[in-house]
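Worksheet for the structure shown next.
From a predicted model like this one, the values you see are computed outputs, not experimental measurements.
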Amino acid sequence: MSTLIKLITNNETFINSNSNFHKQLLSIKQHGELIAAIFSGLIILTAWVLESSLDPRTWVFLNVLAFIIGGYAKAKEGILETISTKKLNVEMLMIFAAIGSAAIGFWAEGAILIFIFALSGALETYTMDKSEREISSLMNLQPEQATRIINHAEELVHVSELTVGDIVLIKAGERVPVDGVILKGSTSIDESAITGEAMPVNKEKDNEVFAGTINLNGSLTVEIIKPASESLFQKIISLVQNAQSEKSPSQLFIEKFENSYVNVVLVLVGLMMFVPHYLFGWSWTESIYRAMILLVVASPCALVASIMPATLSAISNGARQGILFKGGVHVENLSNTHAIAFDKTGTLTNGKPIVTDFIPSSIDEEDYLLSIISAIENESNHPLAQAIVNFCRERSSALSAHEVTDMQNYSGSGVQAKIDNKIWKIGKATFVGEVAAHQFNNGVAKKLADQSKTLVFIANEDEIVAVIALKDSIREDSKKAINLLKKSGIHTVMITGDNEATAKSIAAEAGVDQFIANCLPEDKVTHIKELRTKFGHVTMIGDGINDAPALATANVGIAMGAGTDVALETADIVLMKNDLSKIARAIHISKRMNKIVKQNVIFSISVIFLLILSNFLQVLDLPLGVIGHEGSTILVILNGIRLLKG
């Protein structure tokens, strides 16, 4: 078996010469432990069936062969780990138990022990490999080459050669190689690899495209805005790869417990070999036999396997649903949440203002006014200006062209420009004339302001001619998410830097239990600390740079996938689909994992205790001890694997 593994590992040149053969050998390598365990089992079965007709030396040889083939992988793992850590482990206990069984003549029992131990180990390896394959398969979605355009000429280059500012051509049917902005072309993009949403997204000039997504039906010229190594796609992969290597508190405790427990078991086994002989009059054979059974049944294999398969399965399950846990510790901690604090803009709301009301002084002048407003606001990049321009274009299909001159921007107040030799002002009430603004259209401004809307007034040289009201809209999934959390008994809080009136309106619309307004980043941290004092375990959800300190202060920080890089780096969990309702799903996964881990721990400890007691009462023989102990290990692994589904 060792020769086969070396051949598979080292002979890469031969493997690469034949792709089909390479795939077959790669499959054997990936499932090597399972194949070895099954082969070992077949040899044991053969020896058992033919025992009466076989020469004793042949029968022993077959069992030894089963020992070597089934136990090679685990023995190698145990010995190497013992050498590196200078501490004994569960694998070494199994080796000692198998050798001890053979030494007192129980060859078949020792071989069965190795077989079942190898089978449970292969099953655990399969769980880990499956979890890794589900994540690493994402890497195949990012193309290795891209078509770069230099001086109107096309060249095929490796993605790693691309730099920020390069221009690439992406043809219909190709995957987007890097994150960028469309310079030319329009198309539909399949972004399911990033967001999980099946519906294609329409893209046109100035829209962003992301690495790993598919350009469905049009050629695009794209300018690169991030290196390939920093793309959103790569961040997803890195987040989950890091998560797989980070262990939960329960796992760390079990690993520390394992080291001490193994030493205690070895001491008890040593005592078992001698004390019963002198104290209870057992024969030497019986004492040594019972010591070997104790070595098998007291080994914490099932206890050790209670947590890691379940944790990896939970991380994989979450990733498949667009919930990226950055480690097992965060999966475990999330279920303890008693209060969740939400940022407002970009989290509970879409973060983009939309026009809700347009009230002109005269309906007959509406199209003319929309043309004037659109022409002036089109000169600005302010989010409110862009929202107003979009509204004007949607409201009127025949906007007249106007030449804008003498454009002046008054920071924080508004803009002034000249059109057709007439001065126009667009901005706050104080900018256009506060008294006139409040009196416009029978005081409609107060009614709109009471609805927590942002007001923009339009005035010419003579008078105020219109008012526009804008508001940041609530996400469609916000109310659903809040409702699900409240049903679970979780207190919901909105923390925002916005004013009291706006915060109150958004909080009422979203349905949160509490809101805190006028918060600077340091204020959010203070309030998170106060919530932790009151509720014990607090989760914070945000998307901006200003949310990062609060995300770090909370017991668990959750970032929206479309959030800033700082928020994504700081958070413990990322919602890649920007779907707040996934929070309830993430908490469900966390609670389910913790429940399964508790089931596994209680079950494994109970089995160990029962087997040890049965051994002391001399009612347990070695084969049953092996089956009971290793069978419980297989059961807890299978129980953990359940988290891969649903």
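Across all their heavy atoms, R592 and N317 have their closest contact at NH1-ND2, 4.5 Å. Considering all non-hydrogen atoms of both residues, E332 and S590 come closest at O-OG, 3.8 Å. Closest heavy-atom contact between V176 and F210: CB-O, 3.4 Å. Residues A211 and P177 approach most closely at CB-O, 3.6 Å, considering heavy atoms. Closest of all the heavy-atom pairs between I558 and L551 is O-CD2, 3.4 Å. Looking at every heavy atom in both residues, S632 comes nearest to F603 through CB-CE2, 3.7 Å.
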Next item on the list: Carefully, step by step, assess I288 and H277 under the rule side chain to side chain contact (heavy atoms under 4.5 Å, CB included).
Entry: CA-CA 9 Å; I288 295 173; H277 173 74; over 6 Å; no
Margin query: Go through it in stages, so that I can follow the logic: the residues are I189 and N215, the test is side chain to side chain contact (heavy atoms under 4.5 Å, CB included), and I'd like the CA-CA distance, side-chain angles, deciding distance and then a yes or no.
Written below: CA-CA 5 Å; I189 298 281; N215 177 22; 4.1 Å; yes
Check: What's the verdict on side chain to side chain contact (heavy atoms under 4.5 Å, CB included) for I340 and I587, showing C-alpha distance, side-chain angles and the deciding distance?
Finding: CA-CA 11 Å; I340 293 184; I587 293 174; 4.2 Å; yes
Item checked: Working for side chain to side chain contact (heavy atoms under 4.5 Å, CB included), residues I541 and L580 -> CA-CA 9 Å; I541 305 174; L580 282 177; 4.2 Å; yes
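Between K598 and K595, every side-chain heavy-atom pair lies at or beyond the 4.5 Å cut-off. Side-chain atoms of R585 and D579, non-hydrogen and from C-beta on, never get closer than 4.5 Å to each other. For the pair N555 and N336, the minimum side-chain heavy-atom distance is 4.5 Å or more.
Listed by chain and residue number, W284 satisfy the ring-ring contact (aromatic ring centres under 6.0 Å, His included) test with F274 (two or more places apart in sequence, or in another chain). By the salt bridge (Lys or Arg N to Asp or Glu O under 4.0 Å) test, E161 is found to be paired with no residue, residues two or more places apart in sequence or in another chain being considered. Every residue meeting the side-chain contact (heavy atoms from CB on, under 4.5 Å) condition with N639, not counting sequence neighbours, appears here in chain and number order: I596, Q599, N600, R642.
A distance of 9.0 Å separates CG of L334 from NZ of K591, quoted to the nearest 0.5 Å. Here T539 contributes atom OG1 and H338 contributes atom NE2; the two are 10.0 Å apart, rounded to the nearest 0.5 Å. Atoms OG1 and CD1, on T213 and I170 in that order, are 7.5 Å from each other to the nearest 0.5 Å. Atom CD1 of I589 and atom OG of S316 lie 10.5 Å apart (nearest 0.5 Å). S313 contributes atom OG, which lies 10.5 Å from atom CD1 of I637 (distance to the nearest 0.5 angstrom). Atom NZ of K326 and atom CD1 of I315 lie 13.0 Å apart (nearest 0.5 Å).
The only option from V297, I612, L294 that meets the side-chain contact (heavy atoms from CB on, under 4.5 Å) definition with L620 turns out to be V297.
Counting only residues at least two apart or on different chains, the salt bridge (charged side-chain N to carboxylate O under 4.0 Å, His left out) pairs with a member in residues 266-294 are E286-R290. Pairs passing the salt bridge (charged side-chain N to carboxylate O under 4.0 Å, His left out) check and including a residue from residues 612-623, sequence neighbours excluded, do not occur.
At distances below 3.5 Å, not a single donor-acceptor pair connects side-chain atoms of H330 with backbone N or O atoms of A571. Using modelled atom types, one side-chain atom of S488 and one backbone atom of L484 make a donor-acceptor pair closer than 3.5 Å. Panel note: side chain S40, backbone A36; no donor-acceptor pair is recorded below 3.5 Å.
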Result block: side-chain N/O donor-acceptor pairs under 3.5 angstrom for residues 59-71, not counting sequence neighbours:
residue, atom, partner, partner atom, Å
W59, NE1, A47, O, 3.4
N63, ND2, W59, O, 2.9

